[in-house]
Amino acid sequence: MALPGDDLLDSVFSDFLIRPKIFKNREVLRHDFVPAHLPHREEHIRHLGGILAPALRGSRSSNVFIYGKPGTGKTAVVRYVLSRLVQKGQDMGGSVRGCYVNCRVAGTDYRVLASLCEAVGISVPFTGLAKGEVFDRFRAALDARRVLLVGVFDEVDALVRGQGDAVLYELTRINEGLRAGKFSIIGISNDLRFKEFLDPRVLSSLSEEEVVFRPYTAVELRDILLERARLAFVEGALSEGVLNLCAALDAAEQGDARRALDLLRVAAELAEREGKPCVVEEHVRQAQEKIEQDRVVEVMRTLPLHSKLVLFSVYLMKKADVSGAVTGNIYEVYRELCGQLAVEVLTQRRVSGLISELDMIGLLTARVVSFGRYGRTKKVYLSVPRGVVRNVLAEDNWVGRLISYEPKCLSRGE
DNA sequence: CGTCCACAGGAATGACGGGCGG
DNA sequence: CCGCCCGTCATTCCTGTGGACG
């Protein structure tokens, strides 16, 4: 039985289907996709393979520390080598296993340990157990099941910053208490200065081997994009200059392959939506804007109430667009907003912290300035267009009510 | 020069909701 | 169900500080 909606959707679907096809396989542009071939990283792959190979003979492989800026292929290389290692191990009937943990995503010691437990086949609750307990279970299972585990700690700097290096230290020493199982660590960090934060003992055992990944050059990026584009797009969907532009725009920033791939994918999606048969340079430029915009909107939507209120306070201080708002004034406005909404007021210390957080995620720009005799504070600017802030905050159940509010503390003189 | 403003931002501590094992 | 530990967010208390003013 035909509902009215059916015709509607039918036309949407069929419109889509008769449009020129751009993508052959869009999966290969996602950044968790690990390609079968990683251009310009053959050396690193061979090297890492050599380091891990002893695991196939039942020996513990050396711990490795890998440095490099984001999007330089660290994660891809490690995942690639690890999966091949595990595969080979299975073929040979051994029990080599790998465990990939992104420490920033995991966030805490506990969840990292939980991931390791999962990798050796035991399950632990999301939370509730003492860390030591989880650690013991992990060690016991590792030994009992005679597993050779390679643990990859991606963005390990985030873990140490948040939690300290105690767990890392324990993990580097875990082999001392093992008879049958073996554990080795691959640490990955974006931050080259990270070493300085580490306990020297942890550092020395963790970096038995060290590998540094250099950023890709524009030429290398182009090769990478070309390789993926062959898999991702139908013949002729890319105009000549598009790849070069993506590579060049990105290389100008950081040489981050992940972002270059995103750029290409989004540009292609824009072209597809417009019903164009191929991607042109204009799409790439639009994509650049769209990526930034989407990121900002998403971050803003998921902000906790008080962070939104702080952001909103800065938004309401219109004249601050040029001269910058100051912590004390922001706090005044913020308090007034809390009053209007009848929500509890956080302390200035906390609000100061929230401002810094908003600065870190790029919604505000804050820098400390000194007015000498008149104190020292942070000058704060919106780093997002006012319209975007307005639109997103207006959606909020609480903040939205005050979207056109005029704070009293702003109208009575300076 | 020293003073002293208006905060920055570190450290310790606490309240709270969730989840254990016994 | 209890006592305990967890992570998160917030408060309290604190010491530190760039530079205009006197």
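So you know, we letter chains A, B, ... as the sequences are listed, proteins then strands, and number each from 1.
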For this session: Measure from NZ or CZ of A:Arg30 to the centre of the six-membered ring of A:Phe33, then state whether that distance is under 6.0 Å and the direction lies within 45° of the axis.
Result: no
Problem set entry | Test side-chain contact (heavy atoms from CB on, under 4.5 Å) applied to A:Val280 - qualifying residues, sequence neighbours left out | A:Cys278, A:Glu282, A:His283
For this session: Starting from the C-alpha separation in whole Å, work towards a yes-or-no answer on side chain to side chain contact (heavy atoms under 4.5 Å, CB included) for A:Val326 and A:Val369.
Result: CA-CA 10 Å; A:Val326 134; A:Val369 292; 5.7 Å; no
Exercise. Which whole-number value in Å describes the distance from A:Glu357 CD to C:dT8 C1'?
Worked result: 11 Å
For this session: Mind checking A:Val345 for me? I need base, sugar-phosphate or nothing, with any heavy atom below 4.0 Å counting as a touch.
Result: sugar-phosphate
For this session: Could you name each residue pair satisfying side chain to side chain donor-acceptor pair (under 3.5 Å) that touches residues 140-149 of chain A, not counting sequence neighbours?
Result: none
Problem set entry | Whole-Å gap separating C1' (B:dC16) and CD (A:Glu344) | 13 Å
For this session: Figure out the OH/C1' separation between A:Tyr374 and C:dA20, and round it to whole Å.
Result: 7 Å
For this session: Would you mind reading off the distance between A:Gln348 atom CD and B:dG10 atom P, rounded to a whole angstrom?
Result: 16 Å
Exercise. Can you tell which of C:dA10, B:dG9, B:dG21 lies closest to the side chain of A:Arg137?
Worked result: B:dG21
Seminar exercise, completed: Per atom distances to the A:Thr377 side chain, the nearest of C:dT12, C:dC21, B:dA8 is B:dA8
Exercise. Taking the side chain of A:Arg349 as its heavy atoms from C-beta onward, which of B:dG10, C:dG19, C:dT11 lies nearest to it?
Worked result: B:dG10
Exercise. Between atom NE2 in A:His306 and atom P in C:dT11, what is the gap in whole Å?
Worked result: 8 Å
Exercise. What's the CZ-P distance between A:Arg367 and C:dG19, to the nearest Å?
Worked result: 12 Å
Exercise. On the ring face of A:Phe233, is A:Arg26 found with NZ or CZ under 6.0 Å from the centre and within 45° of the axis?
Worked result: no
For this session: Write down the distance between CG (A:Asp136) and C1' (B:dG21), rounded to a whole number of angstrom.
Result: 15 Å
Exercise. Aromatic ring centroids of A:Phe213 and A:His44 under 6.0 Å?
Worked result: yes
Exercise. Going by number, which of residues 322-329 of chain A have a non-hydrogen atom under 4.0 Å from DNA chain C?
Worked result: none
For this session: Please evaluate the base of C:dG19 for a donor-acceptor partner in the side chain of A:Arg376 within a cut-off of under 3.5 Å?
Result: no
Exercise. How close or far is atom P of C:dG19 from atom CZ of A:Phe371, stated in whole angstroms?
Worked result: 12 Å
For this session: State whether the distance check finds a donor on one side and an acceptor on the other, under 3.5 Å, for side chain A:Arg111 versus base C:dG7.
Result: no
For this session: Using the six-membered ring of A:Phe371, assess whether NZ or CZ of A:Arg376 lies under 6.0 Å from its centre and within 45 degrees of the ring axis.
Result: no
